[in-house]
Number of protein chains: 2
Amino acid sequence: MRIGELAERSGTSRDTIRFYEKNGLITSTPGNNATNNYRDYPEDNLVRLDFFTKARDAGMSIADLKDIIDAMAGRCDRSVAESVLRAKVDDLKERAEQIRRVIAFLEQGLDAARSGDT
Amino acid sequence: MRIGELAERSGTSRDTIRFYEKNGLITSTPGNNATNNYRDYPEDNLVRLDFFTKARDAGMSIADLKDIIDAMAGRCDRSVAESVLRAKVDDLKERAEQIRRVIAFLEQGLDAARSGDT
DNA sequence: TCAAACTGTGGACTAAGGTCAATTGTTTTC
DNA sequence: GAAAACAATTGACCTTAGTCCACAGTTTGA
């Protein structure tokens, strides 16, 4: 599909898609029409973009995503790829832990406010 | 205490402390010496900075922190403050949920890699 | 067939969250 | 009492993650 359709269907803007592509997060092929240089974006980019959106929301950086893509594309050997992914998972777990701590702190503040309320 | 000591003890750089102060996240008083304009940073800024560090790590923005500080300082009425805090907690919970989803996805990738390994 | 909509390219711009450096004045410390 | 360390202020600079704009060429719907 062309970039417009991908943008439409993924909910990611053209500019952002191009930005991701420039950063090696997604790939496209030259397209079958020789008269233009419109590129073709394979269907699987939909899944990818969906993942990127979720992962960015989870606080991961473009660099993180690049590492993951490279690891999953088998651009390096299996054990290295595995440790890359494991490291990302660990980072996420740590972040989740941190969030839990902050939630606890804020809820404590809420409780204090309520009990001081009476 | 003066900014240098606060920086030292909190592990936050002077520049960052000043940046936070400019953004209304921490407060200082004029200091008791009339000949200089060195400011005094009360002890409780240590707790505050520690919280900021954790909260930033958890993905909260400076604007989020400002909202929380304002709410907790009673700069608005109790019920408003409460709903501000509750909203922040909800945001964090949503983020934690998102992280869980991303972890699940990555772990699935790891499992797939391992089973394809044999 | 012709205007509207789409495409690629390139570069400028933005906002957030700091960080760095220069300058001037004030303490500390040897 | 002089050098080293610290403080305030200002403004420039940096990175990340996009977003916007202008240009020229291409497709497409009426």
Send over the distance from [X] [atom1] to [N] [atom2], rounded to a whole Å.
| X | N | atom1 | atom2 | answer |
| --- | --- | --- | --- | --- |
| B/E5 | D/dA7 | CD | C1' | 14 Å |
| A/R39 | C/dC6 | CZ | C1' | 16 Å |
| B/I3 | D/dT9 | CD1 | C1' | 12 Å |
| A/R14 | D/dG18 | CZ | P | 17 Å |
| B/E21 | C/dG17 | CD | P | 18 Å |
| B/M60 | C/dA16 | CE | C1' | 16 Å |
| B/N23 | C/dT19 | CG | C1' | 15 Å |
| B/D64 | C/dG17 | CG | C1' | 13 Å |

Would you say [N] has OP1 or OP2 under 4.0 Å from some side-chain N or O of [X]?
| X | N | value |
| --- | --- | --- |
| B/S13 | C/dC20 | no |
| A/T16 | D/dA17 | no |
| A/R18 | C/dG8 | yes |
| A/Y20 | D/dG18 | yes |

pair B/M72-B/L85: side-chain heavy atoms closer than 4.5 Å:
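B/M72 vs B/L85: side chains touch.
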Test your reading of the model: is there a side-chain donor-acceptor pair from [X] to the backbone of [Y], 3.5 Å cut-off?
| X | Y | result |
| --- | --- | --- |
| B/R101 | B/F105 | no |
| A/N23 | A/L25 | no |
| B/T16 | B/T12 | no |

With the side chain of [X] defined as its heavy atoms from C-beta on, choose the nearest nucleotide among [options].
| X | options | result |
| --- | --- | --- |
| B/R2 | C/dT19, C/dT28, D/dA8 | C/dT28 |
| A/I62 | D/dC6, D/dA17, C/dT27 | D/dA17 |
| A/Y38 | D/dA8, C/dG8, C/dG18 | C/dG8 |
| A/T35 | C/dT19, C/dT9, D/dT27 | D/dT27 |

Under 4.0 Å between a Lys/Arg side-chain N and an Asp/Glu carboxylate O for B/D67 and B/K88?
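Yes, charged N to carboxylate O under 4.0 Å.
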Remember a base hit wins even if backbone is also touched, and classify A/R56 as base, sugar-phosphate or nothing at under 4.0 Å, heavy atoms.
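Sugar-phosphate only.
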What's A/N33 touching, base or sugar-phosphate or nothing? Going by heavy atoms closer than 4.0 Å.
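Contact class for A/N33: sugar-phosphate only.
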Pick the nucleotide of DNA chain C nearest each of B/S61 and B/N36; which residue has the one closer to the 5' end?
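Looking at DNA chain C, the more 5' nearest nucleotide goes with B/S61.
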Go nucleotide by nucleotide along DNA chain D from the 5' end; which of A/F19 and A/N37 gets its closest nucleotide reached first?
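On the 5' side of the pair lies A/F19.
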